[in-house]
Protein chains: 2
Amino acid sequence: MEDLERLLREGAWDAIRRDLTQTRPFDLAAELTRLDDQQRAVAFRLLPKDLALAVFEALDPPVQKDLLNGLRDEAVRELLANLDPDDRVELLDELPAKVVNKLLADLSPHERRLTTGLLGYPAEAVGRMMSPEYVALRQSMTAGEALDRVRAVGGAAETVYSLPVIGPDRTLLGMTSLRQVVLADPQTPVSQLMSEPISASALTDRETAARLLQEADLLALPVVDAEDRLVGVFTVDDAMEVLEGADTEDAARAGGAEPLRRPYLVAGVLQIARTRAMWLLVLMGAAALTVLVLNTFEAELEAVVVLALFVPLLIGTGGNAGAQAATTVTRAIAVGEVRFRDLGQVLAREARVGVLLGAMLAVVAFAAGTAFLALRGEEWADAARVASVLALSLIGICTLAASAGALMPMLAKRIGIDPAVVSAPFITTTVDATGLVIYFLVARAVLADMMGG
Amino acid sequence: MEDLERLLREGAWDAIRRDLTQTRPFDLAAELTRLDDQQRAVAFRLLPKDLALAVFEALDPPVQKDLLNGLRDEAVRELLANLDPDDRVELLDELPAKVVNKLLADLSPHERRLTTGLLGYPAEAVGRMMSPEYVALRQSMTAGEALDRVRAVGGAAETVYSLPVIGPDRTLLGMTSLRQVVLADPQTPVSQLMSEPISASALTDRETAARLLQEADLLALPVVDAEDRLVGVFTVDDAMEVLEGADTEDAARAGGAEPLRRPYLVAGVLQIARTRAMWLLVLMGAAALTVLVLNTFEAELEAVVVLALFVPLLIGTGGNAGAQAATTVTRAIAVGEVRFRDLGQVLAREARVGVLLGAMLAVVAFAAGTAFLALRGEEWADAARVASVLALSLIGICTLAASAGALMPMLAKRIGIDPAVVSAPFITTTVDATGLVIYFLVARAVLADMMGG
């Protein structure tokens, strides 16, 4: 596809129309996302109706919202009426309450009922993302009757592949699949095709539900209310979206920022700055501790000025060792490999890893440090002593950093904070101050005579 | 389920057998992963045959491999024969070539042919993870005939929901779905049910294929050879596994380590240390630059000793600002939101974000720094001048850090390096040295008289 932005600027309508219809909806959605609001609305209005809906569905909700502002009321009404209820709820979440009420009023009573049902669940709950349109079977049906049922009502359902089997009061009894129904002899009772259901409560956190679906290799997870009655199904495409969002959130937090919640190129400079400002301030506040530590050890620093030369290297390395441990453990928590009860085991491993890595760095730092200081004009013996302070500190700092890097995400998870929040930058900043204390205590012990102590 | 490890230690076989059969395969797999090799083999041998296969399939390939060592040859042969070809290839990738050849010789000719076909593709290619067992339709079939075809051969296929339509030479003509086939009138020709196929070449990188499947909301992506002939399908469960692995890899690299490639608690201390040692050494080598910078500006440092107090805070903050930008941009690249052609736009945004954040921090640092230095006993005017050096440096450092944090992942991607590799720790370490240069240049300009210049 030619550069859409250029064609729009040139007003080459025919070329645009040809390009648009030859491109796949999700590629078009990516192209539209990159345009500014006005160009996006112009391009969207050029799309044939069917394609327009498919493209709209493929856009991220924040971009959908921006696009709605550029369309006529009638077009907005029509788009909204044709969205699946769960996608509609995601879009409505972006809009002000007043607009939501107006748009809901325009829906058909059936669609409105489905939508408000989902809107009743908390923001992060799987209930809000499930589809209330599914095909439910009865235990008493045969496979043939089940297939007829799919044919009769499957057109409106989000998926017809995962088929919940329910009792008279809508209690979830089991799950079967279109595959089993199709492959079975038509006379086989559904009760023989179904298996124990793996389900989630509608109030379950959606990331938890998505990981369950993934681990159990399902295409859809049935969602039930407190009385175990079926209320919807959570499909694999939505689960992938949730997991991608969760990983984006973890990545942002690992970098010491809040997630943007909209595509990078669509977000404004102020929006980006806002996701980072708070963390940067908090971390600078924590870094002020290093000023106090250096202030405390000023006498040692003035007595042996070369000590100052290694401060950035030491705390940088400590920070890196801490970040390595923190990201490894945070990820292991996120994918469910490590739980709080493993704390002792995790700490023991990370402490040993820290000692090992610290010892390796110490050897290199001792050799390079001695050579550097001797080249600078120090006596060889003095050079080796200062370098040994560097080497010993590295062992202590790496051990501390790896242990703290493992401990903090696990504690965070335990008390209900996102472990990613306390990962890399938070750890490095806290390890900085402690690392300096280790450095100057080692220096005081090894270089006592140089410091006149 | 009670604590499996304790029960095994106590030899409570009946309780174990009861627990094992009441637990879901993927939960059991998680439990087994946490046991040591010997206990795992004991517990596995207690499983009824059907459950054993389901549990085995749910294990990670490195754990599968460890488990095979504890089983008799006959059990190994049987497990391997019952795995899907793509899962079998993943396991064989863990084993030494000699063992692989022996195991391949034990397979049935049909299964061996399927397996060696996949083994012929490069390690990271989607061809190696696709399923060669699918149900292909012909254009000339009716929907009714298509359903009969699914019934006849669907039992062995990995999926029957995504149905490729092929020509006489196996050329991929289009895709349809079991949903469309079931819902259509049985007389409808398949040619009317199919749509333009979204497909991947068998040599495509598997992460690229997985993202394509996700963006296009597919349950399976048809995979073709260089002549556009269908060779397999790549299913959504495998795509989710690939994306999870890619995100784990990115998370590890963002923390300055190589990915572990096996569950955290199963990896040995030496294995963990090995994933981190190289990066830690490289980063310490880069950090040696800070020693050289401080060495160069030693005269300034000795003239105004308080400057040393702020070194860790400054470089720490610069590192954090760089890490924020780097992780945001790395993630935007990973999910396809940002491409190289956006470089100018991304740099312009990050530079502006850096100035904004730097200015915010500068205000806080100027006020707090002046107060701190005055409390320490400096004259108010001198305190304010030193604090202004801190403030001005923060603006420069944040701008530099945010720009470098955006630039480096994009350049890395351009020259074919994983952008995650150059993210957080790499950026912080390189920004450290440059940040110090900025600091001392600003100090030299503002405090010229104090330095006797």
Side-chain angles (χ1 to χ4, degrees), chain A residues 26 150-151 154-155 160-161 178-179 182-183 214-217 236-237 240 247-248 251-252 254-257 263-264 269 272-273 276-277 280 283-284 287 290-291 294-295 308-313 315-317 320-321 323-324 327 331-332 337-338 349 352-353 356-357 360-361 424-425 429 432, chain B residues 26 150-151 154-155 160-161 178-179 182-183 214-217 236-237 240 247-248 251-252 254-257 263-264 269 272-273 276-277 280 283-284 287 290-291 294-295 308-313 315-317 320-321 323-324 327 331-332 337-338 349 352-353 356-357 360-361 424-425 429 432:
Chain A
F26 64 94
V150 170
R151 288 201 167 109
V160 295
Y161 299 140
L178 186 58
R179 176 182 189 137
V182 162
L183 294 183
Q214 180 184 14
E215 274 169 41
D217 262 349
V236 66
D237 53 321
M240 287 181 94
D247 286 337
T248 299
Y264 178 78
V269 168
I272 299 177
R276 302 183 190 170
L280 214 50
L283 293 171
M284 192 175 77
T290 60
V291 179
L294 288 176
N295 196 35
L309 299 186
F310 301 108
V311 163
L313 179 140
I315 63 176
T317 302
N320 289 335
Q324 288 181 331
T327 42
R331 183 67 189 168
E337 281 172 16
V338 161
R349 301 176 147 238
R352 277 182 290 164
V353 171
L356 264 176
L357 292 173
M360 173 194 77
L361 296 182
T429 306
D432 281 359
Chain B
F26 63 94
V150 169
R151 287 199 167 109
V160 295
Y161 298 140
L178 187 57
R179 177 183 187 137
V182 162
L183 293 183
Q214 179 185 13
E215 274 169 41
D217 262 347
V236 67
D237 53 322
M240 287 180 94
D247 286 338
T248 298
Y264 178 78
V269 168
I272 298 177
R276 301 182 190 170
L280 213 50
L283 292 171
M284 191 173 79
T290 60
V291 180
L294 287 176
N295 197 35
L309 299 186
F310 301 108
V311 163
L313 179 139
I315 64 176
T317 302
N320 290 334
Q324 289 181 331
T327 43
R331 183 68 188 167
E337 281 172 18
V338 161
R349 299 175 148 237
R352 276 183 290 164
V353 170
L356 263 177
L357 292 173
M360 173 194 75
L361 296 181
T429 306
D432 281 358

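Reminder, nothing fancy here: chain letters follow the sequence lines and each chain counts from 1.
The nearest pair of heavy atoms linking Thr327(A) to Ala251(B) is CB-O, 3.7 Å. Residues Gln214(B) and Met240(A) approach most closely at NE2-O, 3.5 Å, considering heavy atoms.
With sequence neighbours excluded, the residues that form a side-chain hydrogen bond (donor to acceptor under 3.5 Å, both in side chains) with Arg276(A) are Thr328(B), Glu350(B). For Met284(B), the side-chain contact (heavy atoms from CB on, under 4.5 Å) partners at least two apart in sequence or on another chain are Leu313(A), Thr317(A), Leu361(A), Val364(A), Ala365(A), Leu394(A).
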Worked verdict on Val150(A) versus Val182(B) for side chain to side chain contact (heavy atoms under 4.5 Å, CB included): CA-CA 8 Å; Val150(A) 170; Val182(B) 162; 4.1 Å; yes

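A distance-only check finds a donor-acceptor pair linking the side chain of Glu337(B) to the backbone of Tyr264(A) [under 3.5 Å].
For chain B, the nearby parts of Ala216(A) are the backbone and the side chain; heavy atoms of each come within less than 4.5 Å. Proximity to chain A is limited to the side chain of Leu357(B), based on heavy atoms less than 4.5 angstrom apart. For Arg179(B), the parts sitting under 4.5 Å from any heavy atom of chain A are the backbone and the side chain alike. Heavy atoms closer than 4.5 Å to chain A are found in both the backbone and the side chain of Val291(B).
Counting heavy atoms from C-beta on, the side chains of Leu356(B) and Val269(A) come closer than 4.5 Å.
Atom CD1 in Ile315(B) sits 9.0 Å away from atom OG1 in Thr290(A) (nearest 0.5 Å). Considering CG of Leu283(B) and CG of Asn320(A), their distance stands at 4.5 Å, rounded to 0.5 Å.
Counting heavy-atom pairs closer than 4.5 Å to chain B, the top residue among Asp432(A), Thr248(A), Val338(A) is Thr248(A). Options Ile272(A), Val311(A), Leu294(A) differ in how many heavy-atom pairs under 4.5 Å they form with chain B, and the most are formed by Leu294(A). Of all the listed residues (Arg331(A), Arg151(A), Arg352(A)), the one sharing the greatest number of non-hydrogen pairs under 4.5 Å with chain B is Arg331(A). Taking chain A as the reference chain and counting heavy-atom pairs below 4.5 Å, the highest number among Pro312(B), Ala308(B), Gly155(B), Ala287(B) is found for Pro312(B). For the set Asp247(B), Leu178(B), Val236(B), Asp237(B), the entry with the most heavy-atom pairs within less than 4.5 Å of chain A is Asp247(B). For chain A, the option among Gly316(B), Ala332(B), Ala257(B) with the highest count of heavy-atom pairs below 4.5 Å is Ala257(B).
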